[in-house]
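Report on one structure; see the data block that follows.
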Amino acid sequence: MQLIIATLLVASASAFAPAASTKASTSLKVSEVELGVTEPLGVYDPLGWLESEPEAFERRRAVERKHGRVAMAAVVGVIVHNNHITFDGYLSPSANLKFSDVPTGIDGIRAIPTAGLAQIAAFFALVELAWMPASKYDGDYGVGYFGTDIKDPEEKARKLNVELNNGRAAMLGIMGNMVAEVLTGQTMYEQYSGGHISPFGDGQGVF
C-alpha cells in the first residue's frame, strides 16, 4: 500500500513539471515572471495584475512559494501518518497520550492537548518572524538545495520551477484529501484500503 501511494504521488507530481515558457511584457524581471509558467496557460494572469499591480507580484509569488512548501510537507505528513508510521513514546506523558494514539486524518488535531497546540503555534511564529521570515520574498533562507548551493542559473531556475509546480500540486492534493475525508467520513488510508476511490459513487470502487 505504501509503495502504491508513493508511486501515485510521484506520477501525479510529474504532471506539473514545467513546460516551455512564454515571454511577458512587464516592468518586472521576465525571468522571475517566467518561473512556474506552465503550458498551455503560459503566464496566467486573467485579472491583469502584472500590469496593474506589478509591485505586488513579488509578495504574491512569495506567498505562493511558502504555501506550496507547507502543502508539500502536509501531503508527506498525511501519507506517513495514514500508513500508521508514528514516533515511539509519548506525545504528552502528563495526559498519558502516545503518538500512536493520535487518530489519522483531520480528527488528529483534536487529540492534541491545548499546551501542545500552543507549542506548535509558537514554533510557527518563530519560523515566520525570525528563522524564515515572511518578509524575505525570495524564499532563499541560505539552506541550499539539500545543503548544496546551486551555481548554474539554468539548473537553479529548473529546480525553482519544479518547486513551484510541485507546491501547486501539493496545495490541490492536501485540499482534495481534506474535502474527500469530510465527504466520505473516511481517512485516506481507509479510502484506499477499502477501494473507496470516488466520493460520488456508492462507496464501492472507482465509480
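Any value given below was found using the heavy atoms of this structure, including those in side chains, with hydrogens, waters and symmetry copies removed. Sequence positions, counted from 1, serve as the residue numbers for this chain.
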Remaining members of the apolar cluster that contains L47, side-chain heavy atoms under 4.5 Å: W49
Got a sec: does the CG of D152 have more than 12 other heavy atoms crowding it under 6.0 Å? yes
Heavy-atom side-chain proximity of R158 to N161 below 4.5 angstrom: no
Considering only distance and modelled atom types, tabulate donor-acceptor pairs under 3.5 Å from the side chains of residues 89-102, sequence neighbours left out.
{"residue": "S92", "atom": "OG", "partner": "S94", "partner atom": "OG", "Å": "3.4"}
{"residue": "S92", "atom": "OG", "partner": "A95", "partner atom": "N", "Å": "3.3"}
{"residue": "D101", "atom": "OD2", "partner": "K98", "partner atom": "N", "Å": "3.0"}

Just how far is it from atom CG of L183 to atom CE of M178, taken to the nearest 0.5 Å? 12.5 Å
Answer yes if V70 and W131 sit in the same cluster of Ile, Leu, Val, Met, Phe, Trp and Tyr residues linked by side chain heavy atoms under 4.5 Å apart, and no otherwise. no
Flag the pair E163 / R69 as yes when at least one side-chain heavy-atom distance between them is below 4.5 Å, and no otherwise. yes
Is the count of non-hydrogen atoms from other residues, nucleotides or ligands lying under 6.0 Å from K159 atom NZ greater than 12? yes
With sequence neighbours left out, which residue pairs that include part of residues 104-120 fulfil the salt bridge (Lys or Arg N to Asp or Glu O under 4.0 Å) condition? D107-R110
With side chains defined as the heavy atoms from C-beta onward, is the minimum distance between R61 and L164 less than 4.5 Å? yes
Does atom CD1 (I109) have a neighbourhood of more than 12 heavy atoms from anything else shown, all under 6.0 Å? no
Which residues satisfy the salt bridge (charged side-chain N to carboxylate O under 4.0 Å, His left out) test with R59, sequence neighbours excluded? none
Between atom CE of M188 and atom CG of N177, what is the distance when rounded to the nearest 0.5 Å? 4.0 Å
Would you kindly confirm whether V75 and V78 end up in one hydrophobic cluster when ILVMFWY residues are joined by side chain heavy atoms under 4.5 Å apart? yes
Reported CD-to-OG1 distance for the pair E190 and T187, which is rounded to 0.5 angstrom: 3.5 Å
On a heavy-atom basis, which atom in D45 and which in L50 lie closest, and how many Å separate them? OD2-N, 2.8 Å
Partners passing salt bridge (charged side-chain N to carboxylate O under 4.0 Å, His left out) against E181 (at least two apart in sequence or in another chain): none
Would a 4.5 Å heavy-atom cut-off, applied to side chains only, mark R60 and E53 as touching? yes
Specify the closest pair of heavy atoms between I174 and M171, including all atoms of both residues, with the distance to one decimal. CG2-O, 3.5 Å
Report all side-chain donor-acceptor pairs from residues 115-130 shorter than 3.5 Å, counting only partners two or more places apart or in another chain.
{"residue": "E128", "atom": "OE2", "partner": "K66", "partner atom": "NZ", "Å": "2.9"}

